[in-house]
K.L.:
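Have a look at this one.
We use all heavy atoms of the structure for the numbers below, so side chains are in, but hydrogens, waters and symmetry mates are not. Labels below follow one simple rule: chain letters A, B, ... track the order of the sequence lines, proteins then strands, and each chain is numbered from 1.
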Amino acid sequence: MTAPLALIAGLMALFLAGGIWVGFALMSVGIISLETFKSMRVERFLAGDVWGSATALELVTLPLFILMGEILFHTRLSENLFGGLAPFVRRLPGRLLHVNILGCTLFAAVSGSSAATTATVGRITLTELKGRNYSHGLAIGSLAGAGTMGFLIPPSIPLIVYGVLAEISILDLFIAGIVPGLLLAVMFMLYVGAAALVSPGAAAAAQPSTSWADKGRALTRLLPTVALIGLVIGSMYGGFASVTEAAAVGVLGAAILAALEGQLTFGMARKALLGTVKTCSMIGLIITGALFLSKAMARLSIPTDVAAAIEALSLDPITLILLLMLFYLVLGCFLDGLSTIVMTLPVTLPLVVAAGFDPVWFGIFLIVTVEMAQITPPIGFNLFVIKGLTGDGIGRIARAAAPFCLIMVALVLMLIAMPGIATWLPGSMR
Amino acid sequence: MRAILRLLDLVCAFGAAIAALACLSLAVMLIVEVITTSFMAYSQPWAVEYSSYLLAPVLFAGAGWTLGRGGHIRVAVLTQFLPVRGRWLADLLASVFGFGVSLFVALALVEYTARSYEVGSQSTYPTRTPIWMPQAVLTFGWAVLVLGLTARILRLLTGRAAEDAPDTPDLAATAEPDARNAKAKA
C-alpha cells in the first residue's frame, strides 16, 4: 500500500468512526492528503472545485426530482394508490400484501428516494393490512423490500449521483434500472404469493370479487399517478425531453395534482420546499466532498496504484465482482448507501471498468447492493422509516425483511450471470 | 448567550429561506423553459446558465439550517455506544472539526470570489454575468454553515441540545412532518 493511500484510508476510518459528518470527512481527507504530498495552493484548487460542483449542470435535476417527491408526499397519492390497487389483487394468493409491492413500484417511478417510497406507501398500507389481520411480518417485510425499489426504478437520486461521479449518461442509467426494478417487483410478488400459500393464516380470507364498475372506479384513482409517470418517464424515454426538462415537467405535474386535490397551499409549498432544501443540503455536502476527494486521489494517482495492485492478483472478473459485493455489504453495515457509493467509487469504478464491466451495469449492481444495506441492521434507513411508522423494534423489522433481502441477493447474482438484464434496454434504445 | 444563539439561528433560517426561494425560482424557470421551447419556439437565453447559479444556493444556503435539524449524514454506529459524557465530547470534537473544515472552505471561497471581482471575470455565456455575483452567493452559503457550526459548538458548551430533531435519517423525519413541525415550534 502506498503512503498516500494508507493515509487516506486511515484518516477516513478515524474521522468516520469519530462521528464527523461524511461530507466534512471526505473533504478534509482530500485537503490533508494534498497538503501532505503535493506542493500546491490547495485552497485555490478546493475553491474552484467546490464552485464547479455547486454549479454542475447534471445536478440540476436533483432538487427538481426531490421537490416533485416532496409535493407528492403531501397529496392523497398514498390513499389513491391503495384504493386503486386493492380491487385488483383480491384474488391473488397474498391478496392486499401485493399492494405494498405494486404501490412501491408505482411510487418509485415518481420518486427518487427509497425512504420516501417506503414512507408514502407504508403509512396507508400498514394500517389497512393490520386492520384486516394480515401477517404483520409479511406486511412490514414486503414494505421494507419493495421500498428499496425507490432507488432502482427511475427517477433515482443515487443514480443521478453515480452518473455525475462516473461521468456517464444519467438517462442511460435511468433506463437500465427499469428491467431489474420490475424483475425485483415480480420476484417479491412471487415470494409473497408463495408465503401466503404455505401459511394460509398470513393473508386475510378471500373476499368476493369486486364488480367491474368498482374496478373502473379504482382505475380512475390511479389515473393521476399513471399520467404523471407517463409524462415524466415517457417524455424522457421518448426522447422528447432531457432529464432536466422531464424533472421540471414532473414538478409541474405534481403541483397540478396537488392543486386538483386542493392541497396546494402556501403552508404545503413551504414544507415541500424546506424538505427539498434539507435533502439537497445533505446531498450537496456529501457530493462536493466526494468530488473533491476523488480529484485529490487522482492527483495522487491512487486509483491507478490500486488497479495495478489488484491486477497483480490476477483475479478473474467474476471473483472481483463477488469480492466487491462482499466489500459493499460489509461497508453497508457502517455507512448509508449514498456515502458508500461516493466514497468508494473513485477507486472501484476504474477497477471494474478495467476488468471489462460496463459502467452503466456497475451502477445498477451498486444500487441493488447498497439497497440491501438499506434493509439490514445496524444502519438501514428503510428500517428506521418503518420503525417511525409502526413503532416495531429494528430487529423485528430486519427479521421480517430478511427473506426480501435474500431475494435481492438473488437479483445481484442474476445481474452478474446475465448482465443483459441491466444493459439490454439502454443498449437497444441507442 | 441566548441572544447570540437566536441571532445565529436566525441567520441559518434566513439561509434556508434563500435556498427555498432559489429552489422555487429554479423550478419555475425550468418549467417556463420547457413550455416556451415546446409551444412557442422561444428559449430564455439565460436558462441553462442561471439554473447552475441557482443550484449553488439550493445545495448550500440551507446547509447551516439543515445542520440544526440533524439533516447531514454522519456515522453514529460507534459513538452511540459511548457514555453520555463521551458522546458529548465526540460531538463537540466533530463540531469543532466541521467548523475548521467549513471555515477553510469559506475563506478559500472568499478569496476565490474576491479574485473574480478584481480580475472582472465574466461568464462565458451571452449574458456576460460578472462571475463574482453567483460566487458570492455560494460563499454566503458556506459562511452560514460556519455560523451554524458556531451555534452548535456554543450549544454543546452551554449544555443545550445541539439539534431540534433527533439524529434520525433524513426522510424518517419527513415521514411525520407534523410531528417535526410541532417540535420545531415548541
K.L.:
Using non-hydrogen atoms and a 4.5 Å limit, figure out which bit of A/A56 sits close to chain B: side chain, backbone, both or neither.
P.N.:
backbone
K.L.:
Tell me, side chain or backbone of B/L67 under 4.5 Å from chain A's heavy atoms, or both, or neither?
P.N.:
side chain
K.L.:
Find out whether B/C23 and A/L67 are in side-chain contact, i.e. whether some heavy atom of one side chain is under 4.5 Å from a heavy atom of the other.
P.N.:
yes
K.L.:
For the pair B/V101 and A/W21, evaluate side chain to side chain contact (heavy atoms under 4.5 Å, CB included) and give the outcome as yes or no after the intermediate values.
P.N.:
CA-CA 11 Å; B/V101 177; A/W21 290 271; over 6 Å; no
K.L.:
Does any heavy atom of chain B fall under 4.5 Å from the side chain of A/T244, the backbone, both, or neither of them?
P.N.:
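Side chain of A/T244 only, per the 4.5 Å heavy-atom cut-off to chain B.
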K.L.:
Between CD1 of A/I287 and CG of B/L59, what distance do you get to the nearest 0.5 Å?
P.N.:
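Rounded to the nearest 0.5 Å, the CD1-CG separation comes out at 8.5 Å.
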K.L.:
In Å, rounded to the nearest 0.5 Å, how long is the span from OG1 of A/T55 to CG of B/L54?
P.N.:
11.5 Å
K.L.:
Tell me, out of A/L62, A/L64, A/V22, A/I283, who's got the most heavy-atom pairs with chain B below 4.5 Å.
P.N.:
A/V22
K.L.:
Is chain A contacted by the side chain of B/S95, its backbone, both, or neither, given a heavy-atom distance below 4.5 Å?
P.N.:
both
K.L.:
State, to 0.1 Å, how close A/L273 and B/A20 come at their nearest heavy-atom pair, and which atoms those are.
P.N.:
CD2-O, 3.7 Å
K.L.:
Check whether A/T288 gets within reach of chain B through its side chain, its backbone, both or neither, counting any heavy atom under 4.5 Å.
P.N.:
side chain
K.L.:
Please give me the minimum heavy-atom distance between B/P134 and A/W51, naming the atom from each residue.
P.N.:
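Where B/P134 meets A/W51 most closely, the heavy atoms are CB-CH2, 3.6 Å.
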K.L.:
Does a side-chain heavy-atom distance below 4.5 Å link A/L274 with B/W65?
P.N.:
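A/L274 vs B/W65: side chains touch.
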K.L.:
Which atoms of A/L59 are under 4.5 Å from chain B, going by heavy atoms: the side chain, the backbone, both sets, or neither?
P.N.:
both
K.L.:
Please classify the contact between B/R87 and chain A as side chain, backbone, both or neither, with a heavy-atom cut-off of under 4.5 Å.
P.N.:
neither
K.L.:
Between B/V48 and chain A, with a heavy-atom cut-off of 4.5 Å, which part of the residue counts as in contact: side chain, backbone, both or neither?
P.N.:
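Answer is both: backbone and side chain atoms of B/V48 are under 4.5 Å from chain A.
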K.L.:
Below 4.5 Å from any heavy atom of chain B, which atoms of A/L46 appear? Answer side chain, backbone, both or neither.
P.N.:
side chain
K.L.:
Could you report the tightest heavy-atom contact between A/S281 and B/A63, atom names first, then the distance?
P.N.:
OG-N, 3.7 Å
K.L.:
Kindly indicate whether the side chain of A/F292, heavy atoms from C-beta on, has any atom under 4.5 Å from the side chain of B/V105.
P.N.:
no
K.L.:
Please look at B/L89 and chain A and tell me whether the side chain, the backbone, both or neither of the residue comes under 4.5 angstrom of a heavy atom of that chain.
P.N.:
neither
K.L.:
Less than 4.5 Å apart, side chain to side chain, heavy atoms only: is that true for A/V50 and B/Y112?
P.N.:
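Result no, sub-4.5 Å side-chain heavy-atom pair not found.
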K.L.:
Search all heavy atoms of A/A47 against all heavy atoms of B/L109 and return the closest pair with its distance.
P.N.:
O-CD2, 3.9 Å
K.L.:
For chain A, which candidate among B/A61, B/A27, B/A94, B/S52 shows the most heavy-atom pairs at distances under 4.5 Å?
P.N.:
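Winner by heavy-atom pair count: B/S52.
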K.L.:
Side chain, backbone, both or neither: which part of B/E111 has a heavy atom under 4.5 Å from chain A?
P.N.:
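The answer is the side chain of B/E111.
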K.L.:
Test A/C280 against every option in B/V58, B/T66, B/L55 by the side-chain contact (heavy atoms from CB on, under 4.5 Å) rule and name the one that passes.
P.N.:
B/V58
K.L.:
How far does CZ of B/F104 sit from CZ of A/F24, to the nearest 0.5 angstrom?
P.N.:
13.5 Å
K.L.:
On a heavy-atom basis, which atom in A/E43 and which in B/A108 lie closest, and how many Å separate them?
P.N.:
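A/E43 and B/A108 have their closest heavy atoms at O-CB, 3.5 Å.
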K.L.:
Does any heavy atom of chain B fall under 4.5 Å from the side chain of A/I286, the backbone, both, or neither of them?
P.N.:
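Just its side chain gets close to chain B.
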K.L.:
Side chain, backbone, both or neither: which part of B/I31 has an atom under 4.5 Å from a heavy atom of chain A?
P.N.:
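Both the backbone and the side chain of B/I31 come within 4.5 Å of chain A.
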K.L.:
Report which part of A/I31 has an atom under 4.5 Å of a heavy atom belonging to chain B: side chain, backbone, both, or neither.
P.N.:
side chain
K.L.:
Kindly indicate whether the side chain of B/V34, heavy atoms from C-beta on, has any atom under 4.5 Å from the side chain of A/L252.
P.N.:
no
K.L.:
With a 4.5 angstrom heavy-atom cut-off, could you sort out which part of B/L93 is near chain A: side chain, backbone, both or neither?
P.N.:
neither
K.L.:
Tell me, yes or no, whether the heavy-atom count around B/R115 atom CZ, taken from other residues, nucleotides or ligands under 6.0 Å, exceeds 12.
P.N.:
yes
K.L.:
Which heavy atom in A/S339 sits nearest to a heavy atom in B/I73, and how many Å separate them?
P.N.:
OG-CG2, 3.9 Å
